[in-house]
Structure formats: structure tokens, C-alpha cells
S.K.: 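Before I ask anything, let me first share the structure, which is written out below as C-alpha cells.
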Amino acid sequence: MTGFVAEGVERVRREAPLVHNVTNLVAMTLSANVLIAAGASPIMSAAPEEAGELAALSGALVVNMGTLTRDWVEGAEAAVAGARTAGKPWVLDPVGAGATAYRREIAARLLAGRPRIVRGNASEILALERGASGGKGVDSTAGSDAAAEAAMALASRARAVVAVTGAVDLVTDGSRTFRIANGHPLLTRTTASGCALTALIGAWAAVLPDPLEATAGAIAAYGIAAERAAEIAQGCGSFVAALLDALGSLDGPTAARLARIA
Ligand SMILES: Nc1ncnc2c1ncn2[C@@H]1O[C@H](COP(=O)(O)OP(=O)(O)O)[C@@H](O)[C@H]1O
Ligand SMILES: Cc1ncsc1CCOP(=O)(O)O
Ligand SMILES: [Mg+2]
């Protein structure tokens, strides 16, 4: 059942995929460090001028709309076009989609570019599927179960894998659904922890052919690393360092054994 978790951990480390991130100003460093700790290579760029070349070089693209500007939107749309031309999987993180009408408009535009995977918290997935405002800025005010129906509807409509993260994470392609119970509340006290997870999903999508398994496996591995980090962390600061250490030392069989996927 969890064989794909071991496979994903090992293949990311062995194949070291390059992941192109068009991400936000808060998430840049943590996302790059999470990718490196897991064995992948990050590049952060929102320049439309190099989007096509980066798509050809990369295993996957991650688009995260956390700090929106007109220039960013232009860069993201060029990157999506590049990934589609190159046939590379791309992952959307609709940060704060419930917060403002502008975010909902851009999220809907990006969704039309056919992401293979969408990862957000419950408020973001509800906003994306139902056009509803909600959440508290970039944070969710709902649990993942509240967005389960919206996630399935979004997955079917967008023909994408949709992940709703929270205390329990839900991953669905509209017909098959996984629930993942790994993780730790200290993640909610670390800015950009969700963004960095989306970046990691990009690395898994670059090496595993099934986007449902890539998404569920990356979420489980990240949650396991968080659990191990929390055992030694003294608070939110040392937790981040311990999370990177734990991701770096996680091996495939251990990840498969500790994954709580139903
Ligand atoms: N209450 C919680 N307990 C354990 N893990 C959590 C909890 N809330 C979120 N997580 C984990 O934190 C990570 C980021 O998820 P989330 O907080 O939903 O994203 P975002 O930061 O985008 O709002 C995920 O790995 C998720 O499983
Ligand atoms: C605080 C903040 N503001 C804009 S993007 C961002 C980071 C959000 O990170 P996450 O979605 O992982 O909590
Ligand atoms: Mg987020």
C-alpha cells in the first residue's frame, strides 16, 4: 500500500529533479531548502524571458501565487505555457485564494492552464471551487473535511489531483481518495510550510508517473519529517532546522513504515 512512498523518497534522491518555482517572496528560501534536503534541485524564477528554457530543463513546475504582482502573473503564465509546451507536470498553490477577489481571479486564470496537481488549505480549495471568500489571509479557517466535496468537484472539473491539507490531509483525483494522518501542529506555526510542501510535491511529480501517488507520498514524507523534527525541536525556530535535517535523513523504507495513509 505504501510502496510508492518508499519509491518516491528514493527516486527524488537518486534522480535529483530540477524543479522550477514561480513562487512567493516569503516562501523562496524554505521551499528551496526543502527541495535540496529531499535531494532535488530548485530554481526560483518568475522571468517570462527564460520560462521556455527552464521548462525544457526542469522535471516539474510549481506556481505559487502568495505575493501577487502584475509582473509575477506575467511570469507565471509564461512558465505555465512553457511547461505545457514541454509536456512537464505543473503544480498550483492558490495561496490566499479566499482572501481577495484579485486572488480568486488569478487562481481561476491559472487553473485554466491545466495544472496536474492543486495543493491548498481548506479555505483555498473552497474559494477555488465555489468562488467563495473565506479563510484568514493565507491561513485556513476550515478543516480539510469541510472542503472534501469541493476538492472532489474541483478534481473532476479541472481533471487534476487536488490536495487539501490540514490536521488530516485529503488527496483526490475525483474518484480515488487518500487521507494522510502524518504531520505536526508546529507546521502551522512556520510560515511557508504549506508552500514548501507544494514545492516538494513538484519534485515527486517529476519522478513518479501517477500524480495521485506523487502528491500523497510527498505529503506523507513531509509529515513524517515534521513528526521526527518535533521530537527534538525546542520551539518554532529550531523546528525549521530539524525539519530540514529530518527530510535529509529520511530513507524510503522508514517513510513507508511510518506513513499513515488510508
Ligand atoms: N493541525 C495540524 N496538525 C498536523 N499537521 C498539520 C496541521 N495543520 C496543517 N498541518 C500540515 O502542515 C502542512 C501545511 O499545511 P497547511 O497548514 O494546510 O497549508 P498552508 O500553510 O498552505 O495553509 C501540511 O503538511 C499539513 O499536513
Ligand atoms: C504570509 C504570506 N503572505 C503571502 S504568501 C505568505 C506565505 C504563506 O505560506 P503558507 O501558505 O505555506 O502558510
Ligand atoms: Mg498556503
S.K.: If Ile, Leu, Val, Met, Phe, Trp and Tyr residues are connected whenever their side-chain heavy atoms lie under 4.5 Å apart, and connections chain through other members, are Leu244 and Val12 in the same group?
M.R.: yes
S.K.: Salt-bridged, Asp173 to Arg116, with N to O below 4.0 Å?
M.R.: no
S.K.: Ignoring hydrogens and geometry, is there a side-chain-to-backbone donor-acceptor pair from Ser249 to Asp245 under 3.5 Å?
M.R.: yes
S.K.: Pair Arg176, Asp210 - check salt bridge (Lys or Arg N to Asp or Glu O under 4.0 Å), show working.
M.R.: CA-CA 12 Å; Arg176 294 177 299 164; Asp210 179 344; 3.6 Å; yes
S.K.: Can you tell me how the ring of Phe178 sits relative to the ring of Phe4, calling it parallel under 30°, perpendicular over 60° and tilted otherwise?
M.R.: parallel
S.K.: How close do Ala256 and Val5 get, heavy atom to heavy atom, and via which atoms?
M.R.: N-CG1, 4.1 Å
S.K.: Cluster question for you: counting only ILVMFWY and a side-chain heavy-atom cut-off of under 4.5 Å, with indirect links fine, are Val91 and Leu111 together?
M.R.: no
S.K.: Please give me the minimum heavy-atom distance between Ser58 and His20, naming the atom from each residue.
M.R.: OG-CB, 3.4 Å
S.K.: Would a distance-only check, ignoring hydrogens and angles, find a side-chain to backbone donor-acceptor pair under 3.5 Å from Arg179 to Leu170?
M.R.: no
S.K.: Other than Leu25, what residues sit in its cluster of Ile, Leu, Val, Met, Phe, Trp and Tyr side chains whose heavy atoms are under 4.5 Å apart, directly or through others?
M.R.: Met28, Met44
S.K.: Quick one: pull up CD in Glu213 and CD1 in Ile261 and give me the separation to the nearest 0.5 Å.
M.R.: 9.0 Å
S.K.: Would you kindly confirm whether Val95 and Leu110 end up in one hydrophobic cluster when ILVMFWY residues are joined by side chain heavy atoms under 4.5 Å apart?
M.R.: no
S.K.: Backbone N or O of Thr141 within a donor-acceptor pair of the Ser123 side chain at under 3.5 Å?
M.R.: yes
S.K.: Applying salt bridge (Lys or Arg N to Asp or Glu O under 4.0 Å) to Arg14 and Glu7, what does each step give before you reach the verdict?
M.R.: CA-CA 10 Å; Arg14 192 169 64 240; Glu7 188 187 348; over 6 Å; no
S.K.: Distance from Glu49 atom CD to Leu54 atom CG, nearest 0.5 Å?
M.R.: 11.0 Å
S.K.: Could you report the tightest heavy-atom contact between Ala86 and Ala55, atom names first, then the distance?
M.R.: CB-O, 3.9 Å
S.K.: Check for a donor-acceptor pair, side chain of Asn182 on one end and backbone N or O of Arg260 on the other, with a separation under 3.5 Å.
M.R.: yes
S.K.: As an exercise, state the distance from CG of Leu68 to OG1 of Thr100, rounded to the nearest 0.5 Å.
M.R.: 7.0 Å
S.K.: If every non-hydrogen atom of Val62 is compared with every non-hydrogen atom of Ala199, which pair is closest and at what distance?
M.R.: CG2-CA, 4.0 Å
S.K.: Measuring from atom CG of Leu18 to atom NZ of Lys88, what distance do you get when rounded to the nearest 0.5 angstrom?
M.R.: 9.0 Å
S.K.: Out of curiosity, does Val73 fall in the hydrophobic cluster containing Val63 (side-chain heavy atoms, cut-off under 4.5 Å, transitive links)?
M.R.: yes
S.K.: Please find the pair of heavy atoms, one from Ala221 and one from Trp204, that lie closest to each other, and give the distance.
M.R.: CB-CZ2, 3.8 Å
S.K.: Would you give the length of the straight line joining atom CD1 of Ile180 to atom CG of Asp169, rounded to the nearest 0.5 angstrom?
M.R.: 5.5 Å
S.K.: Do Asn33 and Ser31 have side-chain atoms, one donor and one acceptor, less than 3.5 Å apart?
M.R.: no
S.K.: Enter the distance from Tyr222:OH to Leu243:CG here, rounded to the nearest 0.5 Å.
M.R.: 5.5 Å
S.K.: Do Leu200 and Leu92 land in one hydrophobic cluster if side-chain heavy atoms of ILVMFWY residues count as linked below 4.5 Å?
M.R.: no
S.K.: Just checking, is any N or O donor in the side chain of Asn24 or Thr67 under 3.5 Å from an acceptor N or O on the other one?
M.R.: no
S.K.: Can you check whether Leu186's main-chain N or O pairs, donor with acceptor, with Thr190's side chain at less than 3.5 Å?
M.R.: yes
S.K.: Determine, stepwise, if the pair Arg119 / Glu124 fulfils salt bridge (Lys or Arg N to Asp or Glu O under 4.0 Å).
M.R.: CA-CA 9 Å; Arg119 197 291 314 166; Glu124 290 160 350; 5.0 Å; no
S.K.: Please lay out, stage by stage, how Arg109 and Glu105 fare under the test salt bridge (Lys or Arg N to Asp or Glu O under 4.0 Å).
M.R.: CA-CA 6 Å; Arg109 248 160 74 180; Glu105 178 200 326; 3.4 Å; yes
